[in-house]
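Structure record follows, encoded as structure tokens.
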Amino acid sequence: MKRIYPKHVFAALVLLCGLGAPAMLRAQEERTLAPVSGTYAITNATVIQAPGRKLEHGTVVVKNGLISAVGKGIAIPPEAIVIKGDSLTIYAGFIDGLSRTGVTKPKDENKEKPKDPGNPSPERAGITPQNDVRDFLNPADKSVEELRALGFTTAQVVPYGGMLPGSGAIVSLGASSPDKMVLLSKTAFYSELTTAERVYPNTVLGVMAKYRELYRQAVQAKAYESLYASNRAGLERPSPDRILEAFYPVIDKRIPVVFKTEKILDLQRAFTLQADLGFPLIAANVKEGWDMLPRVKATGTKVFLSLDLPEEKKEEKKDPKAKPDPEKDQLEKRKAEFVTLYAAQAGAFQKAGIPFGFSTLTAKTKDIPANLRRMIKAGLTEDQALAALTTNAAQILGLSDRLGSIDNGKIANLVITDKSYFDEKSKVRYVFVDGTLYKFEAKETKKSDGKKVDVSGTWSYSTETPQGANNGKLKLKKDGDNYTGTITSTFSDKEIELKSVSVEGSQLTFTYTIRVQGSGVNVEATATVDGDAFDGSMTAGQYGSFPMKGTKDPNR
Amino acid sequence: MKKILYSVALLAVATLGYAQVERGNLLIKNGTVLTVTKGTFENTDVLVKDGKISQIGKNIAAPAGVKVIDASGQFVMPGIIDAHSHAGLDAINEATAPVTAEVFTGDGLNPFQVGLYRALGGGVTTIHAMHGSANAIGGQCETIKLRYGVKNADDLRMEGAPRTIKFALGENPTRVHGGGNGIVPRTRMGVEFVIRESFSKAREYRAAWDKYNKAKTQKGFRGAPPEYNLRLETLADILKGDIIIHCHSYRADEISMLLNVCKDFGVKRLVFQHVNEGFKVAPELAKFGAMASVFADWWAYKFEVYYSTAYNAAILTRNGVVTSINSDDGELMRHLYHEAAKTQKYGALTDDEALALITLNPAKQLGIDARVGSLEVGKEADIAIFNAHPLSSYTIPTFTVVDGVVRFDRAKDPDDMRIYVDPTQAVDMATFRDREQGDHCLDGAEENLVNIFGLN
């Protein structure tokens, strides 16, 4: 195999930036020059080689993309760039068990109701298991940089789609080309219980039935193909079918079905299919698994728990004049108990002796460190959390020989922080991915001057949604220290009352609820305000997150 | 073979690991016991052991440690069975094709719906969780016991209950597919064609497999098997007699049509649902051995169901048709005993006949009458206790017992019976009318029509 030297990678990146992307060049100005060496030594640091294996005042040497030495008082190669690690902590890079980091979402094709909704094309039905996530990778995607900034260096990524989106791959979060990201391809037969819009299978009932039928057809087709291969004379030629062929490695138990099973009933339904069909299962992005521990254990199912947690209720100032409402208080109390159960899930798996990793699929990147702290507060130890992020995840993905710990010969994926990673004030200072260094400047903890910008007025905003551009007016009114406001959209001129508006420094956040097919969808928007313009994103529940820009209308 | 062994082993492990349905021990003392099949006994006790009725008699001594319910002055009857419900399901209609025999409501069970507990509050212990009526041949249905409190959907299933499937005639399938998508069926003729065509294809499919399996036993055989098709597999199982058809229907002509189709294809296990004009073809139904599950007095909610009568259940019963009264509705389900009592005003049925409409007869229609539907030694201890005769307008359910486990106790009935709480839902929403209440026959089939018509 051709070894890719990090410095060559770097040179390629520089070339790419210089030729094609002036905007990127600006953003990465400090990295436009290739480092003089691909060898690094981080000295005198606290090295957490693996959970429970701590080395004080240790040195880690990175060379040719690998960890070439780790220990105390080891020789530093003369060509090494030295990073003084005094007061820093080094961990093995974190591994994300399931996400779409760096995966491009294909443009939504026509979702019109076709003539005969009972017989849609496989693509329209969400049945594309022959797709390979490698065809959709983009190392320059913002999500790669964002997740890497948290210390994640590896992710199992899967394509977008419906019930059978395609096969996943394990990728490095940083590389100069899509193929160079890939550590292992075709690692997962990715499955969801996602229904097709307005066509078959339109319900979970249809998805389950279709899953069984396709699987059994694949078993049959595979058996016939081997019969045919053994002696072709006089036998009808098997008709090739890429959809069914995609099942073959699963039927052979060479790759697992990685099933997105967020809710307890999703998990049960995946188990039902597994019991019917007998495939190896990894339950991924699990959010409500605490009542399923015996079954997970009995079936030996491997799991990736979601790093997405429901929001905790913020302490509200009670209006002393408000009438007491014991019924509402009781409901609030039960809801809060449940929110705690989600945070305690990882601890419950740990207690049951079920090894698990984490997945970021639906987690908001910025919430991940706080969510880890909530899990730790709810019963997980820091070592256990670290194991889930590193050694356990590597084990589940079958990559323990290359990833998960800081040992000689392993891939140089490192995260270097100024405090324990799980400390609230901890900052990631350096990340190594495949031996390539990414630096993060220590940001000021406090907002520059604590002064809040004034956002009152009428703004014109626009977002890019898969359904097309959405434009409207955002009206914000100052009310004492707080804001109120309304919003319109391309789809409705009606002014919708904003549920909340907050301004922290230059950070504007607002939320509102829209009605989609009879049910409420919460929209949350965050943007950075710079004078008369803002730039940020809008998240509409399950529909995803879209970039948003706005400009202030001139005062009339 | 290895694969089969593996699956069997997996299943065994799975069964040992989690699927343990709780079965209780209980002594119900000194009540008026309405057995439905063996008469009514005053001041009588019912002893339950391991979820089954082990003794019915006077002065039964309570075994040590067994929970005792004092039913003095109360009435003890078999748990109510609803042969037509859509409760406990996350999805009801796979309304995208006129034939969806391969889908199964058992894949969409949701044990967390509070509606299941509310049904227990009306003495209901078993329901037929049905696919909706959007398709001429809808999905397979699941018979579930209301073991509210379990967290595994599997624990709701009534293990060993026969397979059933939903069919639908008339306006619903023609409107959804003919009207909505411009495909067959647009008319009642089309519905008949769709069913006949499906059965014919299933027959061919079965024949092709039989031929292949037979050929395979011959030495040196080499050839391609027919392509596996789950829809045709299921339809073929209907023809084989393994699946009971439960057919949504209203008019006498369409009921006669399906009787003829079934005769032509040798299908014998047939239950008509709603069947508001059943009284017009009661002798024909009885002759065929088809059964009927009706509303007590609910009609005129759309054109095809203007012609009906509150005497329907009584006329069918007197003609020898096994008849039940169902709810098809989360609210109606809570007072099926009132619905049964209406047949005494309209048709003068006896107490046992009226009670059988909501116990033994629906059990027969679901093929579970050897296990539930009456209070007899050896049957499963699904029991409802009322503070007055269940056919009285003033009666109130006090206890509901499933497999000997008390699942509803009116004296201990907390306000918040939710098992799982949605952590993203605003709290004030929890007190809103939820979508479990209301009619579901066409859920997922039509976006707005459901709100305009009360569809059944």
Side-chain angles (χ1 to χ4, degrees), chain A residues 113 115-120 195-196 198-210 212-213 216-217 219-220 224 227 231 234-236 238 264-265 268-269 271-272 274-278 288 291-292 294-295 297-299 310-311 327-328 330-332 334-335 337-339 342 517 520 522, chain B residues 3 6-7 10-11 13-14 16-18 89-100 102-112 131 139 151-154 177 181-183 222-225 227-231 415-416 418 420-431 435 444 447:
Chain A
K113 202 166 176 178
K115 233 180 153 195
D116 180 3
N119 292 300
T195 56
R198 314 181 76 188
V199 299
Y200 187 90
N202 183 236
T203 59
V204 68
L205 314 181
V207 170
M208 298 274 284
K210 193 70 195 170
R212 288 189 186 98
E213 179 171 83
R216 291 175 184 151
Q217 284 177 343
V219 169
Q220 190 186 37
Y224 187 64
L227 177 76
N231 178 4
L235 270 188
E236 262 179 71
I264 177 172
L265 295 178
Q268 292 181 19
R269 286 164 191 159
F271 277 131
T272 298
Q274 189 202 26
D276 286 356
L277 305 170
E288 295 180 349
D291 280 321
M292 294 299 293
R295 191 159 182 180
K297 209 167 177 179
T299 50
E311 260 179 66
E327 187 185 359
K328 195 176 171 198
Q330 190 54 39
L331 291 170
E332 289 282 10
R334 270 213 86 191
K335 185 175 159 182
E337 282 166 10
F338 249 77
V339 171
Y342 286 80
Q517 292 175 339
N522 290 324
Chain B
K3 192 167 282 162
Y6 174 80
S7 331
L10 196 79
L11 209 71
V13 168
L16 285 175
Y18 47 82
L89 296 178
D90 272 351
I92 292 160
N93 267 304
E94 178 57 58
T96 48
V99 181
T100 56
E102 71 284 6
V103 311
F104 173 36
T105 60
D107 286 331
L109 290 182
N110 181 344
F112 305 123
H131 191 274
K151 291 167 180 169
N152 272 316
D154 285 343
H177 302 286
N181 299 326
I183 56 173
R222 299 172 77 241
E227 192 186 36
Y228 177 84
N229 183 311
L230 188 51
R231 185 173 294 168
D415 288 341
D416 186 355
R418 291 172 302 166
Y420 263 54
V421 175
D422 183 350
T424 60
Q425 191 183 39
V427 146
D428 53 347
M429 294 291 284
T431 55
R435 60 183 292 290
E447 278 152 32

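Remember, it's a predicted structure, so these values are computed and weren't measured experimentally. Per chain, numbering begins at 1; letters A, B, ... match sequence-line order.
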### Query
So which of A:K210, A:E288, A:K297 has the largest heavy-atom pair count under 4.5 angstrom toward chain B?
A:E288
### Message
Can you tell me which of A:L205, A:L265, A:T203 forms the most heavy-atom pairs within a distance under 4.5 Å of chain B?
### Response
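Winner by heavy-atom pair count: A:L205.
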### Summary
Interatomic distance, CZ@A:R198 vs CG@B:N181, rounded to 0.5 Å, equals 9.5 Å
### Query
At what distance, to the nearest 0.5 angstrom, does CG of A:D276 lie from CG of B:D107?
8.0 Å
With a 4.5 angstrom heavy-atom cut-off, could you sort out which part of [X] is near chain B: side chain, backbone, both or neither?
X	answer
A:K115	backbone
A:Y200	both
A:P310	side chain
A:N231	both
A:Y342	side chain

### Task
Apply side-chain contact (heavy atoms from CB on, under 4.5 Å) to B:R418 and A:L331, showing your working.
CA-CA 10 Å; B:R418 291 172 302 166; A:L331 291 170; 3.3 Å; yes
Looking at every non-hydrogen atom in both residues, tell me the closest pair between [X] and [Y] and how far apart they are.
X	Y	value
B:Y420	A:F338	CA-CZ, 3.5 Å
A:V204	B:G108	CG1-CA, 4.2 Å
A:L227	B:G223	CD2-O, 4.0 Å
B:E102	A:A209	O-CB, 3.5 Å
A:R216	B:Y228	NH1-OH, 2.8 Å

Would the distance check show the side chain of [X] and the main-chain N or O of [Y] forming a donor-acceptor pair, the cut-off being under 3.5 Å?
X	Y	value
A:Q268	B:K151	yes
A:E213	B:L230	yes
A:Q220	B:P225	no

### B:H177 portion near chain A, given a 4.5 angstrom heavy-atom threshold
neither
### Contact class of B:D415 relative to chain A, heavy atoms under 4.5 angstrom
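For B:D415, no heavy atom lies under 4.5 Å from chain A.
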### Task
Might you work through the side-chain contact (heavy atoms from CB on, under 4.5 Å) test for A:R334 and B:D416, ending with a clear yes or no?
CA-CA 9 Å; A:R334 270 213 86 191; B:D416 186 355; 2.9 Å; yes
#### Entry: Derivation and outcome, side-chain contact (heavy atoms from CB on, under 4.5 Å), residues B:F112 and A:I264
CA-CA 10 Å; B:F112 305 123; A:I264 177 172; 3.5 Å; yes
### Message
Looking at chain A, which one of B:T100, B:T105, B:I183 has the largest number of heavy-atom pairs inside 4.5 Å, strictly under?
### Response
B:T105
### Query
chain A: which of B:N229, B:T424, B:D422 shares the most heavy-atom pairs with it under 4.5 Å?
B:N229
